[in-house]
Amino acid sequence: MKKNVTKAVFPVAGLGTRFLPATKSVPKEIMTLVDRPLIQYAIDEAREAGIEEFIFVTSRGKGALEDYFDISPQLEHFLRKKGKHDLLEILESTNMESGKVAYIRQNMPLGLGHAVWCARHLIRDEAFAVILTDDVITAEKPCLLQMIEAFQEVGGNIVAAMEVADEEVSSYGVLDIKDDIGKMVSIGGMVEKPMPNQAPSNLAVIGRYILTPSVLDRLESLAPGASSEIQLTDAISDACKSGEKVFGLRFQGRRYDCGSKQGYLRATLSIALSRAELRDDLEDFIMNSLKKPGRSEGG
Ligand code: G1P
């Protein structure tokens, strides 16, 4: 099997109910961290890792995502006429080449495993990446690139992994570690959202995967698991149990759970503070707000 990974699946069919009412009319993936939509962070990470084909698994009401990646002739014409070349450049960096982007409908919310399975005909028989846009990861070397490099070394299936606190394991897929060699662990199984006292470890899956096509075959006949949904975790765990190689990679970088309000706010702050044009003003504002709690901003 060829060892480069050029296709990525982005499951973006979720309703985003934790962000209602915002997500009543705006797809969650279009919500911004400072001025870039969540989906753009995921796309940029994928591009930097060498991904060339982008497969979005969408649902009703996600049309704004398709428009976002399309060229916008009217806007481009306007910016060109006004000589706003910097904005034009930003805009053009979001365009996706025709034929390199595909949108597939998940017509029923049957779970992450089902969403990935919906992309099976576009994946066929090569290893592919899955990126969950809720998990924003800032890193010197993009997380997906770290994973693809690991895949080129060891093959198999690879999931991004991070240690979490005992009380948090029930929010994640959790790894049953067979062999821990530091940066990588080899896995004997995985459990989706276990109770803390039943979790096989504290090493949780974060939303980046490199998967072999056999996982798609397993998804085909998989029974619903946790939350009565078809779980990607269960298909990968089955692969482990049938002797396929599965590894967890303790990636370098900082992960923000943008599926929660706290994580989303942290990511917003962190990204704003990393931007030279915003940093000083924001720092002053935060320091002042912390000194005088409750005082509203006048200017
Ligand atoms: C999904 C996966 C879970 C993984 C998590 C990472 O859960 O099912 O295994 O640990 O993403 O963010 P979700 O957060 O969609 O419930």
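Counting starts at 1 for both ligands and their atoms, in listed order.
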Worksheet item: Do NZ/NE/NH1/NH2 and the carboxylate oxygens of Asp238 and Arg218 come within less than 4.0 Å?
Response: no
Fill in: Phe56 ring center near Phe69 ring center (under 6.0 Å)
yes
Fill in: Criterion salt bridge (charged side-chain N to carboxylate O under 4.0 Å, His left out) against Glu45, the qualifying member of Arg255, Arg208, Lys141
Arg208
Worksheet item: Is atom CD of Glu277 surrounded by more than 12 heavy atoms (other residues, nucleotides or ligands) closer than 6.0 Å?
Response: yes
Worksheet, complete the sentence: Hits for side-chain contact (heavy atoms from CB on, under 4.5 Å) against Ile286, two or more places apart or cross-chain, chain-then-number order -> Leu269, Leu282, Leu290
Worksheet item: Are the charged groups of Lys241 and Asp234 less than 4.0 angstrom apart, N to O?
Response: no
Item to complete: For ligand 1, would you mind listing the residues that have at least one heavy atom less than 4.0 Å away, ordered by chain and number?
Response: Leu112, Leu132, Asp135, Tyr172, Gly173, Glu192, Lys193, Val205, Gly207, Tyr209, Gln231, Thr233, Arg255
